[in-house]
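Indexing begins at 1, ligand by ligand and atom by atom, following the structure's order.
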Amino acid sequence: MSLDNYRNKRNFNKTPEPKGFAKQPNTHTFVIQKHAASHLHYDFRLELNGVLKSWAIPKGPCLDSNVKRLAMHVEDHPIEYGSFEGIIPKGQYGGGTVMLWDQGIWVPLDPNPTKAYLKGHLHFELQGTKLHGTWDLIRFKKEGKAESWLLKKSDDNFSSPLLDYDIIKRETNSVVILH
Ligand code: MN
């Protein structure tokens, strides 16, 4: 099955309809949820082997290729969690507002993303609404079950110095209303 016919009939610069990404080979969904829990953070989730591998990024992603953002590895989430936006009641785990900040697909640039993940270094391209270009997610510390990783933008057409453009400050809306 291919979406070629569907896509050929439409000019996606002129129609708000989705381009669709379900059938592109070797792609996976990704999502970033802005989570105003007791401490604000951005949950970065990459679909891999039927689950959403998840990292909590306190400061959120940064387009500056000289800036590394701490990403605490957290438990796998179900794929369906990637479309969740809403309020987790106070007193419940993660209580607070969850907003879909970005979503799209990630394209692994490693031949075997599962191996790369286990080795602690994923290299990939993001095709989201807000985030694009190539990125690295690198594990630098492992203490028991706690893993600390870093998210870093590669230097490319989509990178930009933090002083010129702070995407976390500029992009504050839900990605859902941008479509
Ligand atoms: Mn969270």
Side-chain angles (χ1 to χ4, degrees), residues 21 27-65 67-108 113-114 116-154 158 162 165-179:
F21 48 77
T27 60
H28 312 255
T29 59
F30 89 92
V31 64
I32 298 179
Q33 285 155 319
K34 182 178 179 179
H35 187 182
S38 51
H39 296 278
L40 177 70
H41 59 273
Y42 292 76
D43 287 303
F44 183 63
R45 310 191 196 278
L46 300 175
E47 178 189 348
L48 188 65
N49 302 327
V51 295
L52 293 173
K53 294 289 170 193
S54 299
W55 291 261
I57 305 180
K59 290 184 173 177
C62 180
L63 302 186
D64 192 326
S65 59
V67 173
K68 300 179 182 101
R69 288 283 158 90
L70 176 66
M72 304 303 294
H73 206 341
V74 297
E75 76 275 20
D76 295 347
H77 279 54
I79 300 288
E80 306 90 279
Y81 202 90
S83 53
F84 175 71
E85 192 170 63
I87 297 169
I88 303 171
K90 262 190 187 169
Q92 296 302 303
Y93 181 73
T97 305
V98 176
M99 187 190 85
L100 278 168
W101 188 81
D102 199 11
Q103 60 188 3
I105 58 170
W106 69 285
V107 183
T114 302
Y117 164 75
L118 291 171
K119 272 187 171 176
H121 187 167
L122 283 165
H123 186 52
F124 52 89
E125 183 190 341
L126 292 181
Q127 298 175 7
T129 297
K130 295 173 182 171
L131 299 185
H132 310 275
T134 53
W135 298 73
D136 283 291
L137 197 51
I138 302 163
R139 184 174 60 216
F140 70 96
K141 201 167 82 183
K142 201 174 176 177
E143 282 173 341
K145 278 188 176 176
E147 292 186 16
S148 305
W149 295 55
L150 291 167
L151 178 69
K152 188 183 120 21
K153 181 80 199 71
S154 309
F158 298 101
L162 180 59
Y165 188 78
D166 184 346
I167 193 166
I168 289 303
K169 286 191 179 143
R170 299 283 196 94
E171 293 282 3
T172 55
N173 287 331
S174 164
V175 70
V176 176
I177 65 167
L178 298 176
H179 284 297

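Checked against the Mn ion (ligand 1), the N, O or S atom of His35 at the shortest distance is ND1. Within Asp43, the N/O/S atom positioned nearest the Mn ion (ligand 1) carries the name OD2. Nearest to the Mn ion (ligand 1), among the N, O or S atoms that His41 has, is NE2.
In this pair, Phe84 and Tyr81 present their aromatic rings tilted. The plane angle is within the 30 to 60° band. Ring geometry, Trp101 versus Tyr42: the interplanar angle exceeds 60°, so the pair is classed perpendicular (tilted spans 30 to 60°). Relative orientation of the Tyr117 and Trp149 rings is parallel, given thresholds of 30° and 60° on the angle between their planes.
For the pairing with His132, the ring-ring contact (aromatic ring centres under 6.0 Å, His included) check across Phe30, Trp106, Phe124, Phe158 returns one residue only, Phe158.
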